[in-house]
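I have placed the structure first, in the form of structure tokens, so that the comments after it can refer back to it.
All chains are named by letter (A, B, ...) in the order of the sequence lines, taking the proteins before the strands, and each is independently numbered beginning at 1. What's counted below: heavy atoms across the whole structure, side chains too, no hydrogens, waters or symmetry copies.
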There are 2 protein chains.
Amino acid sequence: MDKVRPYSHALDRLRNAGLRPTRQRLALAKLLFDDHDRHITAEILHGEALDAKVRVSLATVYNTLHQFNEAGLLREIVVDSGRSYFDTNTSDHHHIFNEDSRELKDIDDGQIGLTGMPAVGTGQEISRIDVIVRVKNS
Amino acid sequence: MDKVRPYSHALDRLRNAGLRPTRQRLALAKLLFDDHDRHITAEILHGEALDAKVRVSLATVYNTLHQFNEAGLLREIVVDSGRSYFDTNTSDHHHIFNEDSRELKDIDDGQIGLTGMPAVGTGQEISRIDVIVRVKNS
DNA sequence: GTGTTTGCAAAGTGTTTGCAATTTA
DNA sequence: TAAATTGCAAACACTTTGCAAACAC
């Protein structure tokens with residue numbers, strides 16, 4: 001029967017990741033993780049922070065997104081040369097990308113499956129397999 | 001028993017695409033299509049052109065790559081935010097990307113299969129499904 | 001000749017960096 | 001107070017653009 005406790009939720013995430021819970025990181029974590037399955041760019045998150053009256057620089061947003069990514073709190077998704085997307089859903093799943101609106105969304109789990117295992121060279125390991133369904137408005 | 005005729009090969013490609021066979025476009029087409037399954041960036045192609053003593057500006061390389069892409073002679077592949085790759089193999093196939101060397105290669109056809117059809121919203125159509133196997137040196 | 005293409009240099013976009021000032025533990 | 005973090009502005013990598021000169025048909 002736990003009530004949602006956004007503040008300590010974000011705080012715990014940062015603590016577990018070994019990141020100091022600064023004002024900026026707490027605020028960004030709250031914006032990122034209070035809703036599920038967000039796909040966000042640095043500029044958008046920066047805008048949301050400013051809208052929420054959180055003073056934070058764009059440089060810090062970039063730094064924070066990369067720190068969260070390295071800590072496994074986020075997953076960076078490459079779908080668009082020219083901008084980076086970060087997904088708050090870090091579980092194994094695939095994506096659908098609208099090339100017109102540049103909107104990125106998760107694909108329901110099980111909707112798509114992969115068969116066959118690619119051969120990787122020696123001295124190499126698979127870090128991830130991305131499936132991107134690219135759609136456009138018809 | 002046709003011998004390879006690189007010049008007219010490139011010329012025919014440009015003609016079929018409705019692109020004027022300028023000196024620059026012919027030279028770039030030759031560099032791109034004389035070998036198979038190339039995965040190239042604008043900077044690399046520009047460098048190869050200069051090595052081959054072809055005078056062409058980087059801006060023209062970018063323009064040409066995009067024109068070839070639109071004409072279906074090339075396929076742009078997004079694997080790396082920050083740079084664009086162009087694949088001379090325009091058939092349906094998937095890719096393996098080495099995140100350390102930033103090298104992009106084709107996956108042998110049939111090596112990987114997809115099951116399931118993603119649901120696309122109304123007013124949308126699938127323009128492509130990309131599978132990217134990301135590997136790193138272990 | 002007329003419309004297309006090129007090259008240059010400048011501008012643009014998204015991202016990273018260096019470093020002094022601030023904040024955290 | 002020692003170490004980590006922040007913000008700013010400058011630097012950065014890659015790409016696009018505007019426009020006059022060169023080229024293709």
Is any side-chain N or O of [X] closer than 4.0 Å to OP1 or OP2 of [N]?
X     : N      : answer
A/Y62 : C/dT16 : no
B/R83 : D/dC14 : yes
A/S81 : D/dT15 : no
B/H66 : D/dT15 : no
B/T60 : C/dT6  : no
A/T41 : C/dG14 : no
B/Q67 : C/dT5  : no

Item to complete: Give none if C/dA25 has no partner; otherwise give the nucleotide forming a Watson-Crick or G-U wobble pair with it, both distances under 3.5 Å.
Response: D/dT1
Worksheet item: In Watson-Crick or G-U wobble terms, both distances under 3.5 Å, what is the partner of D/dC25?
Response: C/dG1
Worksheet, complete the sentence: Sorted by chain and number, sequence neighbours left out, side-chain hydrogen bond (donor to acceptor under 3.5 Å, both in side chains) with A/E76 holds for A/S84
Item to complete: Determine whether the aromatic ring centres of A/H39 and A/F97 lie less than 6.0 Å apart.
Response: no
What's the [atom1]-[atom2] distance between [X] and [N], to the nearest Å?
X     : N      : atom1 : atom2 : answer
A/R25 : C/dT23 : CZ    : P     : 15 Å
B/Q24 : D/dC23 : CD    : P     : 9 Å
B/L58 : C/dA10 : CG    : P     : 16 Å

Worksheet item: Where along residues 43-55 of chain A does a heavy atom fall under 4.0 Å from DNA chain C?
Response: A/E43
Discussion item. Test salt bridge (Lys or Arg N to Asp or Glu O under 4.0 Å) on A/E48 and A/R38; report intermediate values, then the result.
Written reply: CA-CA 13 Å; A/E48 290 189 1; A/R38 303 211 63 192; 2.8 Å; yes
Worksheet item: What about B/R20, does its side chain sit under 3.5 Å from the base of C/dT5 through a donor-acceptor pair?
Response: no
